[in-house]
Amino acid sequence: MYDEDGMSGDSYSGGDGIDVGRYVTGTVFDFSAPGADVLDAAGELLGYRGIDRDISVRRAAEDRIKRLTNLYNALSECNQAIVRCNSAAELFPQICSDVVRFGGMKMAWIGMLNATTGQVVPVASFGATAGYLDGVIVTSNADDANSRGPVGTSIRENRAVWNQDYLNDPATAPWHERAAHYGWRAVAALPLHRNGAVVGSFNLYADQAGAFDEDARKLLEEMATDVSYALDGFERDASIRLAAEVFEQGKEGIMITDTRGRIVRVNRAFSEISGYAEAEALGQTAGLLSS
């Protein structure tokens, strides 16, 4: 027993050098108790003399700083992955890994929307996911109970969804049993875009209720935005590669001219059809060459 600001209660070790106390009102808090042992004349321990100090606010601030530092690290790793990767198939597993390994999340997965069926299909995941996504059904269809959780809502309404108390939210009832087994307490779902359209969702799971404060939300939204920009870039790159392939392998003769009408490039089919080798055609005026 101890007295803290005139309130009696119980205390026990928190296992990390900080003790945990409970006021008689039921409130649980962290405390430190600097002081000294009280010994009798024979050196036997009689008790302890000290002053308990409630350091819950300090611990909460320290935990918040740690969470934000982790998320900053995850954002940095995410951006480095975007630079390195050349496709969504390569990027998605890396993003899920980074947000768990560096960001302090317990699990992350990315689901892509099947526009025909409305089903959200898991394409990448990392963390304590063994069995969690097996057979999971998530849709974006408004009339389906499997669409009312964070993921389906995020895609359907095109907005980030922050579920801070997952196990007590009626909307997430279809997944409560799974989530309780894995210890998920808070879930975030952020829409992913390609060319402005929602194509999927980036989903994060934490083992602490209320894990997504305002600063954490900003960092995660920035991460989702960066991934969406990457998807745009992958599509542009794919279009450029396709255009280059059509140009080089096409059966129709193609020539490219500058603003003065002079030929700057021709494909193989052009040379075969016209009889002009590329070196002969370059620099010629298109109209004169065709005549």
Side-chain angles (χ1 to χ4, degrees), residues 87-89 91-93 95-96 99-100 103 105-214 216-232 234-235:
S87 67
L91 177 64
F92 285 166
I95 295 299
C96 292
V99 80
V100 172
M105 296 294 108
K106 295 304 179 182
M107 192 265 278
W109 66 282
I110 291 177
M112 297 301 284
L113 175 65
N114 183 319
T116 301
T117 65
Q119 188 166 352
V120 183
V121 181
V123 296
S125 63
F126 191 86
T129 60
Y132 182 80
L133 294 174
D134 294 346
V136 68
I137 299 176
V138 180
T139 77
S140 62
N141 302 320
D143 57 350
D144 188 340
N146 292 313
S147 75
R148 296 167 193 164
V151 178
T153 302
S154 175
I155 292 176
R156 184 176 60 256
E157 300 183 4
N158 189 20
R159 64 180 179 87
V161 175
W162 313 98
N163 193 305
Q164 302 279 39
D165 191 8
Y166 192 78
L167 292 181
N168 292 309
D169 186 347
T172 60
W175 308 281
H176 280 178
E177 184 175 352
R178 287 174 183 254
H181 176 75
Y182 289 91
W184 310 143
R185 295 293 184 269
V187 177
L190 301 96
L192 298 177
H193 303 87
R194 183 185 292 121
N195 296 328
V198 180
V199 294
S201 181
F202 181 33
N203 315 302
L204 307 104
Y205 293 65
D207 59 1
Q208 179 180 351
F212 304 106
D213 61 19
E214 183 177 357
R217 295 182 185 192
K218 290 179 180 178
L219 289 173
L220 291 172
E221 286 178 331
E222 183 176 349
M223 189 180 299
T225 298
D226 291 345
V227 174
S228 295
Y229 281 139
L231 296 183
D232 290 346
F234 295 150
E235 183 158 300

Pairwise distance CG(Asp134) to CZ(Arg178) - rounded to 0.5 angstrom = 7.0 Å
So which heavy atom on Gly200 is nearest to which on Ile155, and how close?
-> O-CG1, 3.8 Å
Take Glu221 and Leu190, measure what side-chain contact (heavy atoms from CB on, under 4.5 Å) needs, and give me the verdict at the end.
-> CA-CA 7 Å; Glu221 286 178 331; Leu190 301 96; 3.8 Å; yes
Quick one: are Trp175 and Asn146 in side-chain contact, heavy atoms under 4.5 Å?
-> yes
Would you call Glu222 and Lys218 a salt bridge, taking side-chain N to carboxylate O under 4.0 Å as the test?
-> no
Assess the pair Phe212 and Trp162: is the distance between their ring centroids shorter than 6.0 Å?
-> yes
Considering all heavy atoms of both residues, which atom of Ala180 and which atom of Leu167 are nearest to each other, and what is their separation?
-> N-CD2, 3.7 Å
Passes side-chain contact (heavy atoms from CB on, under 4.5 Å), Val187 versus Val151? Steps please.
-> CA-CA 9 Å; Val187 177; Val151 178; 5.7 Å; no
Residue pair Pro150 / Ala189: nearest heavy atoms and the distance that separates them = O-CB, 3.4 Å
Evaluation steps, side-chain contact (heavy atoms from CB on, under 4.5 Å), between Val227 and Phe92 | CA-CA 9 Å; Val227 174; Phe92 285 166; 4.0 Å; yes
Could you tell me whether a side-chain N or O of Ser140 sits under 3.5 Å from a main-chain N or O of Gly118, the two making a donor and an acceptor?
-> yes
Which atom pair, heavy atoms only, marks the closest approach of Ser154 to Ser201?
-> OG-OG, 4.0 Å
Verify side-chain contact (heavy atoms from CB on, under 4.5 Å) between Asp232 and Arg194, making sure each step is shown before the conclusion.
-> CA-CA 5 Å; Asp232 290 346; Arg194 183 185 292 121; 4.0 Å; yes
Closest heavy-atom contact between Ala186 and Ala209?
-> CB-CA, 4.3 Å
Just how far is it from atom CZ of Arg148 to atom CG of Asn141, taken to the nearest 0.5 Å?
-> 11.0 Å
Between atom CD of Gln164 and atom CD of Gln208, what is the distance when rounded to the nearest 0.5 Å?
-> 9.5 Å
Separation of Asp207 CG from Tyr166 OH (nearest 0.5 Å) = 15.0 Å
Atom pair CG (Asp213) and CG (Leu219), whose distance is rounded to the nearest 0.5 Å = 9.0 Å
Between His176 and Pro170, is there a donor-acceptor pair closer than 3.5 Å when you use the side chain of the first and the backbone of the second?
-> no
Distance-only, no hydrogens or angles: does the Asn203 side chain make a donor-acceptor pair with backbone N or O of Trp109 under 3.5 Å?
-> yes
Start with the C-alpha distance between Tyr205 and Tyr132, add both sets of side-chain angles, then the distance that settles ring-ring contact (aromatic ring centres under 6.0 Å, His included), and finish with yes or no.
-> CA-CA 12 Å; Tyr205 293 65; Tyr132 182 80; 5.5 Å; yes
Measure across Met105 and Ala206 and return the closest heavy-atom pair with its distance rounded to 0.1 Å.
-> SD-CB, 4.5 Å
Expected output: side-chain His193 to main-chain Thr225 donor-acceptor under 3.5 Å = no
Taken to the nearest 0.5 Å, the spacing of Asn158 CG from Thr153 OG1 works out to 12.5 Å
